[in-house]
A.B. asks: 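Questions regarding the structure given below will be posed in turn.
Counting from 1, the numbers follow the sequence of the chain as shown. Remember, it's 1-based here, ligands and their atoms both numbered in the order they're listed.
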Amino acid sequence: MPRYKIVLIPGDGIGPEVISEGVKVLEATGEVFGIELEWETYPYGAEYYLKTGVLLPDEDLKEWEKWADAIYLGAIGHPEVNDTISLHGILLKIRFYFDQYVNLRPVKLLNGVPSPLANKGSNEIDFLVIRENTEEFYVGLGGHAKKGKNSIKLDLWRRIYELKFDLDIESDADEIAFQLGLVSKEGCERVFKYTFDLAKELGKKKVTSVDKMNAMGYIYGYWRSKFLEIGEKYPEIQKEYILADAAAMWFVRKPENFEVMVTPNFIGDVLTDLGAAISGGMGFAPGANINPSGISMFEPIHGSAPKYKGKNVANPIAAIWSGALMLRELGHQEAHDAIIKAIEDVLVKDKVRPIDIGGSSKTYEIGDAIARRIKENF
Ligand code: IPM
Ligand code: MN
């Protein structure tokens, strides 16, 4: 029986509530499909940081590297902790440390979820977004410079390179704040290769790349040229590129236009919230941070929603679906498909309905119903 060790980080706010439903459903799936999951729970999050001053120790990352098969995370964030501290110190730290350069975010309207777009149903709203997950404006490089001479040193560590910037800024503006964005040859090539390979494997006909090359030509022009270059190796797949603002419009006007989309980091962050909105809301938006040859992390794309903490009103489907993505990444496509089917069965046939789509079911009732369906369906 295949056996996996999973790092479990329930995190903050509604994170623990939705993650325990995820664990419940994954365990039920494991029983049906003969997959053994072993959970190692860690307390990290903004709330833990408030209590202890500890974010996420490097030693843990090194430990996980030795034995973990995947990471399953709820949500990070607390109103009393500056987001840049908790997110950089935990969530982004994991993404970068494990070099999870693919952020896979399905935009798929499930059967049983009311469509927020007029005349669009689950046939029209069904595509994959692959968000590059380690570069562009997310490298976290930048600073402030005051009037006069400024000397600023910046370092960037990634598995694929190490960069040092030594900046001399002479300014007659009172003060500036700046943020550097960058993409690299290796960084672009690997995410495009992943995207085209996945499109091919799934029998998709078209890949759409998004950029904002008309306004930020250095990085997005490079991005686009690498997309076309790597794309040449996949003659059977149609290549299309569009600007980010136009992409936002087409998400709403003609989502059926998209099959597989690849986006730079920040653009993908914005577009996938829109993707969540057109597929029923954040309660239905799963995510996977993937390193195809390393340790991947699975998390719903919603945040910790502190005001709903402990009330059992959150929709756990995004977290459960993220768990399904984890099983698929571990090689269990059938188990993944069974979870999606069970979710749809519950939404279509059962009286159980999450509050965010007008129902009144509690978080755990939704998890219970999905776990029950998985067992009944087999
Ligand atoms: C997401 C989130 C994160 C991101 C934040 C919390 C750093 O918005 O996963 O989309 O921007 O990647
Ligand atoms: Mn986001």
A.B. asks: As a test of understanding, state which of Glu135, Glu189, Glu186 forms a salt bridge (charged side-chain N to carboxylate O under 4.0 Å, His left out) with Lys226.
C.D. replies: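 The passing option is Glu189.
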A.B. asks: For atom 6 (C) of ligand 1, what's the nearest protein heavy atom and its distance?
C.D. replies: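 I find the closest protein heavy atom is Leu87 CD1, 3.4 Å.
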A.B. asks: Just to be sure I read this right, does ligand 1 sit under 4.0 Å from the backbone of Arg95, its side chain, both, or neither, counting only heavy atoms?
C.D. replies: side chain
A.B. asks: Is the shortest heavy-atom distance from the side chain of Phe266 to the side chain of Lys212 under 4.5 Å?
C.D. replies: no
A.B. asks: Can you classify the ring geometry of Phe196 versus Phe227 as parallel (below 30°), tilted (30 to 60°) or perpendicular (above 60°)?
C.D. replies: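 It falls in the parallel class, under 30°.
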A.B. asks: Please identify which of these residues, Ile357, Ile370, Ile366, meets the side chain to side chain contact (heavy atoms under 4.5 Å, CB included) condition with Leu347.
C.D. replies: Ile357
A.B. asks: Below 30° counts as parallel, above 60° as perpendicular, anything between as tilted: where do the rings of Tyr48 and Tyr44 land?
C.D. replies: perpendicular
A.B. asks: Could you name all protein N, O or S atoms found under 2.8 Å from the Mn ion (ligand 2)?
C.D. replies: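 Near the Mn ion (ligand 2), below 2.8 Å, one finds Asp269 OD1.
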A.B. asks: Using heavy atoms and a threshold below 4.0 Å, how should the contact between Arg131 and ligand 1 be classified: side chain, backbone, both, or neither?
C.D. replies: side chain
A.B. asks: Using a strict threshold of under 4.0 Å (side-chain N to carboxylate O), is an ion pair present between Asp345 and Lys341?
C.D. replies: yes
A.B. asks: What protein heavy atom lies closest to atom 10 (O) of ligand 1? Include the residue and the distance to one decimal.
C.D. replies: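 Heavy-atom neighbour on the protein nearest atom 10 (O) of ligand 1: Asp269 OD1, 2.9 Å.
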A.B. asks: Could you identify the single nearest non-hydrogen protein atom to atom 11 (O) of ligand 1 and state the distance to 0.1 Å?
C.D. replies: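 Here the nearest protein heavy atom works out to Tyr138 OH, 2.4 Å.
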A.B. asks: Between Arg95 and Tyr138, is NZ or CZ placed under 6.0 angstrom from the six-membered ring centre and within 45° of the ring axis?
C.D. replies: no
A.B. asks: If you have a sec, work out which protein heavy atom is nearest atom 1 (C) of ligand 1 and how many Å separate them, to one decimal?
C.D. replies: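 The closest heavy atom on the protein side is Arg105 NH2, 3.3 Å.
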A.B. asks: My understanding is that only one of Ile343, Leu109, Asp356 makes a side chain to side chain contact (heavy atoms under 4.5 Å, CB included) with Phe284; could you say which?
C.D. replies: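 Filter result, single survivor: Asp356.
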A.B. asks: Is the centre of the Tyr234 ring less than 6.0 Å from the centre of the Phe192 ring?
C.D. replies: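 Aromatic pair excluded; centres sit 6.0 Å or further apart.
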